[in-house]
Amino acid sequence: MAAEPSAHALIAAHRPTLDQALEAIRTRAYWSPHPEHPKAYGENGSLDAAAGKAAFDALLGTRLDLGQPGTDDWTGAEESPYGIALGVTYPHADPDVLLPAMRAGQPAWRDAGPELRAMVCLEILKRISDRTHEFAHAVMHTSGQAFMMAFQAGGPHAQDRGLEAVAYAYAEQVRTPAAAEWTKPQGKRDPLALTKTFTPVPRGVALVIGCNTFPTWNGFPGLFASLATGNAVLVKPHPRAVLPLALTVRIAREALADAGFDPNLVALAAERPGEGIAKTLATRPEIRIVDYTGSTAFGDWLEANARQAQVYTEKAGVNTVVIESTDDYRGMLGNLAFSLSLYSGQMCTTPQNLLIPRDGIRTDAGPRTFDEVVADLARAVDGLLGDDARANGLLGALVNPEVKARLEAAAGLGEVALASREIVNPDFPGAVVRTPLIVKLDGTKPDDEAAWTSECFGPVSFAVAVDSAAHAVELLRRTVRERGAMTVGAYTTDQDVERSVEEVCLEESAQLSLNLTGGVYVNQTAAFSDFHGSGGNPAANAALTDTAFVANRFRTVEVRRPA
């Protein structure tokens, strides 16, 4: 086998990490091999802050040649949300040439087996981790995330999700033994005896359709789940966020080649402005797996039309928080203020609807009316973002003009409890930075319902007055069932209310966070422990990461021989 000379070295280097990841997904305890702090980098071959920034700067205005077959043009038109033209161009592929070349490498990759494939995937992740500072700038200037968030979410947290997918993929592939001796007694006659082998085989070429807001965090799970299960992977980035995934593809191709495998097992499909190649690629017969993060409309289209493929989607939902009572009013307000502000609400897990009884809530600071709760939350957001430097560090920039237009339109949907204000970023004057908007709506008015039952992606939240806790639970159930939710939150000191909310989330398959008042937020999840999405409501048909996310990316083929 071509990869044998380096197989032992790869196993020696990465098997302990894989074993720790397997233990982590078993126990669901906290674990991460990827440091979150920027100062942890700069040794053992990893780039420190200055070297990472220099590496990113060196990419600007260049052609990123990946050496992949079928390149018929060069394309690229990324504009940073911070007002910088990246100027990087990427290979535009002819799929009639590229896809056959990708399939050619699959037999050797299949024959390498689950363990060696996992080790190569971990080697790719190690090389990405060493360049976390470079990736942070690439993610920042394609997504609009503030640097620290881009560093953590686009770096170690994304790498954790990739490793998690490899661990799940490995565990599923080795669940069935590679070989078995089968003997069936036949009474006085000689027993029947067979030797059986069981080989995990890939489905084909997998297509990863990247998103604008979290190109690596949302892209790595599908990429590594498919690669670890033996499939070649074609990466189609969002046209506004190509660079982070193009770097990923380049590193993966280098690591595959160094391990003795065909680098064309991973390739990039960048598109010309307005070309829209995702539909064409997703329905080609060679594409047998599709991973997608983005709008509900296109996710629904993929599920309906990419019939030849296993389609994994994370679409959109309406995330809801029920506020019935709390024994830590100040902590609740601070937690919610941070959740609404982080990355300008441009997360699929950010709360949108806050369901609050119109007669008010019980708190450790005394009763608070609906209007008082909303006013206090508005003051908490203002206090959090009162310093412009701190605000820029939390908000980042609006990722595209559509978010800005949506924010401006939302102010006309009801009474504004907290107006959005513009903040200047002194380092990037071209950045569009806006604080969150909170609008009051009524949960019993049909005109208001159209607003709060639709996703309003961005820094927009609706404080919805409801008749009672039971009414809030009823609206929660209907929202999750009809619109979906990536996250649900609730604040209550009433055990009956808590049980009612939990029962809705169990029945409607929504991930629930209760009474968060400290440093954990409803819109954050930890790899190896938390499931991102459930796959059981309209917001997503898959969860990151569970066994269902990996098990159908391969099939097991049996060969029987007489013993």
Can you tell if the side chain of F135 reaches within under 4.5 Å of the side chain of D130, non-hydrogen atoms only? no
Tell me yes or no: between the side chains of R161 and T525, is some donor less than 3.5 Å from an acceptor? yes
Working to the nearest 0.5 Å, report the span between CD of Q511 and CG of D530. 8.5 Å
What closest approach, in Å, do P237 and A241 show between heavy atoms, and which atom pair accounts for it? CB-O, 3.7 Å
F220 vs F224 aromatic rings, parallel, tilted or perpendicular, using cut-offs 30° and 60°? perpendicular
Evaluate the ring planes of H141 and H137, with Trp represented by its six-membered ring, and classify them as parallel (under 30°), tilted (30 to 60°) or perpendicular (over 60°). parallel
So, Y168 versus F549, ring centres under 6.0 angstrom or not? no
Assess, by modelled atom type and distance only, whether the side chains of E172 and T547 contain a donor and an acceptor separated by less than 3.5 Å. no
Hey, are R15 and E115 close enough for a salt bridge, meaning a charged N less than 4.0 Å from a carboxylate O? yes
Between R117 and D111, does the salt bridge (charged side-chain N to carboxylate O under 4.0 Å, His left out) criterion hold? Intermediate values first, please. CA-CA 9 Å; R117 284 197 297 269; D111 293 345; over 6 Å; no
Compare every heavy atom of I128 with every heavy atom of Q159, then report the nearest pair and how far apart it is. NE2-CG2, 3.9 Å
Closest approach of A153 and F214, non-hydrogen atoms and distance? CB-CE2, 4.1 Å
Donor on one side chain, acceptor on other, N537 and R483, under 3.5 Å: no
Give every donor-acceptor pair under 3.5 Å between a side-chain atom in residues 88-96 and any protein atom, sequence neighbours left out.
{"unit_1": "Y90", "atom_1": "OH", "unit_2": "E78", "atom_2": "OE1", "d": "2.5"}
{"unit_1": "Y90", "atom_1": "OH", "unit_2": "L243", "atom_2": "N", "d": "3.4"}
{"unit_1": "H92", "atom_1": "ND1", "unit_2": "D72", "atom_2": "OD1", "d": "2.7"}
{"unit_1": "H92", "atom_1": "NE2", "unit_2": "R272", "atom_2": "NH1", "d": "3.3"}
{"unit_1": "H92", "atom_1": "NE2", "unit_2": "E275", "atom_2": "OE1", "d": "3.0"}
{"unit_1": "H92", "atom_1": "NE2", "unit_2": "E275", "atom_2": "OE2", "d": "3.0"}
{"unit_1": "D94", "atom_1": "OD1", "unit_2": "D96", "atom_2": "N", "d": "3.0"}
{"unit_1": "D96", "atom_1": "OD1", "unit_2": "R284", "atom_2": "NH1", "d": "3.1"}
{"unit_1": "D96", "atom_1": "OD1", "unit_2": "R284", "atom_2": "NH2", "d": "2.9"}

Going by atom types only, do H532 and E314 share a side-chain donor-acceptor pair under 3.5 Å? yes
Any donor-acceptor pair under 3.5 Å linking the side-chain atoms of E303 with those of T313? yes
Can you classify the ring geometry of W109 versus F261 as parallel (below 30°), tilted (30 to 60°) or perpendicular (above 60°)? perpendicular
Would you tell me whether H157 and E36 have side-chain atoms, one donor and one acceptor, within less than 3.5 Å of each other? yes
Do Q68 and N264 have side chains that get closer than 4.5 Å, going by heavy atoms? yes
T75 versus E271: any side-chain heavy-atom pair under 4.5 Å? no
Examine the side chains of S529 and R28 and answer whether a donor and an acceptor come within less than 3.5 Å of each other. no
